[in-house]
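Below is one structure, written out as structure tokens, with a few remarks after it.
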Protein chains: 2
Amino acid sequence: MSGPVAIGQAAKETGIKVPTIRFYEEIKLIQPLVRTDGNRRQYEQADLRRLSFIRHARELGFDLDAIRNLLTLQDDPNQPCTVADGIAKARLADIERRIHSLTALKKELKVMIEGCSRGSVSDCRVIETLADHSLCVDDHNHGS
Amino acid sequence: MSGPVAIGQAAKETGIKVPTIRFYEEIKLIQPLVRTDGNRRQYEQADLRRLSFIRHARELGFDLDAIRNLLTLQDDPNQPCTVADGIAKARLADIERRIHSLTALKKELKVMIEGCSRGSVSDCRVIETLADHSLCVDDHNHGS
DNA sequence: CGCTCTCCTCTAGTCGCTAGAGGATATGGG
DNA sequence: CCCATATCCTCTAGCGACTAGAGGAGAGCG
């Protein structure tokens, strides 16, 4: 029932910061919108939904280009779903790659930290491991 | 035994790209170094080791600031190791947080993709899920 | 000598914002 | 009705960690 809201309220409702909303407008993720007499932006419910969509997609790690694609799809709901599906799948693959890589890093860091003698830097395993790649537990670069 | 090398060779040996090496010099991660008569940079073995250290630390996800700290420690090996240890531990915690978060994202994306009807966008679960946060499998934001 | 390759410096662009200056408008109380 | 404060406006510049490209100088080889 609530009518159009100002940018501050929109920020509150969507969890996107005010300057970020303006930035999204600037790069045309959201349409140039209606202003009040005093030149203030007004956000309708549909705009708020669009912003929430963007926020949620960002939280899932989609980049703005992917989001732009998804929004275009959403604007034209008779298009086939396969494009959205593809974007999401690419994202999933990327996330899986990253989890894999981070897990390897975690292992290496743990070994480093556990080997730390807490003496002086001269026999610190952390520094030493970083300095000499050949000490790595396993080489996460040959794995990708 | 090999003497000083040019930047291209240094790039090859350390796996850091030529412009990146120059960038590291600009931001003073590596010292202003000796040049040849023809104004070309020359890298000694010690420089190459420093660059490898940086690369390895970057691969482990340390930011340049953290690396700067670690390098300072390395330059002065009588300092206690606890600082390096702390930096590494903070990094580990960060990685664990990220793995956790990415795992939640992965779950959500999977549900989205599996629910995709492959029909038109109008009944695409991917779009729908993004549009309505309340459809999330679990809310990874309240978990942090 | 000419050819090519590598090197040099410099500027500008990437992504996704964030911060701040400097000014206009809106709202509520006295 | 006036003033204080809050919110808004536009604009420019900055962040991190590079990357790309222009335009020119030097190095090495046949």
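In the text below, chain A, chain B and the rest are named by the order of the sequence lines, each starting its count at 1. Atom set for the values below is all heavy atoms of this structure, side chains included, hydrogens, waters and symmetry mates excluded. Source: prediction; values computed, not measured.
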When you compare the side chain of [Y] with that of [X], does any pair of heavy atoms fall below 4.5 Å?
X: Arg91(B); Y: Lys106(A); value: no
X: Val83(A); Y: Thr72(A); value: no
X: Arg22(B); Y: Arg41(B); value: yes

Can you tell me how far [atom2] of [N] sits from [atom1] of [X], to the nearest Å?
X: Gln9(A); N: dT7(D); atom1: CD; atom2: P; value: 11 Å
X: Asp37(B); N: dG28(D); atom1: CG; atom2: C1'; value: 16 Å
X: Ile67(B); N: dG16(D); atom1: CD1; atom2: C1'; value: 12 Å

Practice item. Using a 4.0 Å heavy-atom cut-off across all strands, classify Asp63(A) as base, sugar-phosphate, or nothing. Key: sugar-phosphate
Between [X] and [Y], does at least one N-O distance fall below 4.0 Å, as a salt bridge requires?
X: Arg55(B); Y: Glu59(B); answer: yes
X: Asp47(B); Y: Arg50(B); answer: no
X: Glu96(A); Y: Lys107(B); answer: no

**Study point:** Span of DNA chain C in contact with chain A (heavy atoms, under 4.0 Å)
**Key:** dG16(C) to dA26(C)
Check your understanding: So does Lys17(B) get a side-chain nitrogen or oxygen closer than 4.0 Å to the phosphate oxygens (OP1/OP2) of dC18(D)?
Key -> no
Review point. Does the Thr20(A) side chain pair with the main chain of Ile16(A), one donor and one acceptor, at a distance under 3.5 Å?
Key: no
Review point. CG/Leu130(A) to CG/Leu70(B) distance, rounded to the nearest 0.5 angstrom?
Key: 6.0 Å
Revision key, fill the gap. By nearest-nucleotide position on DNA chain D, the 5'-leaning member of Leu64(B) and Asn39(B) is Leu64(B)
Review point. Under a 4.0 Å heavy-atom cut-off, which of residues 18-28 of chain A touch DNA chain C?
Key: Thr20(A), Phe23(A), Tyr24(A)
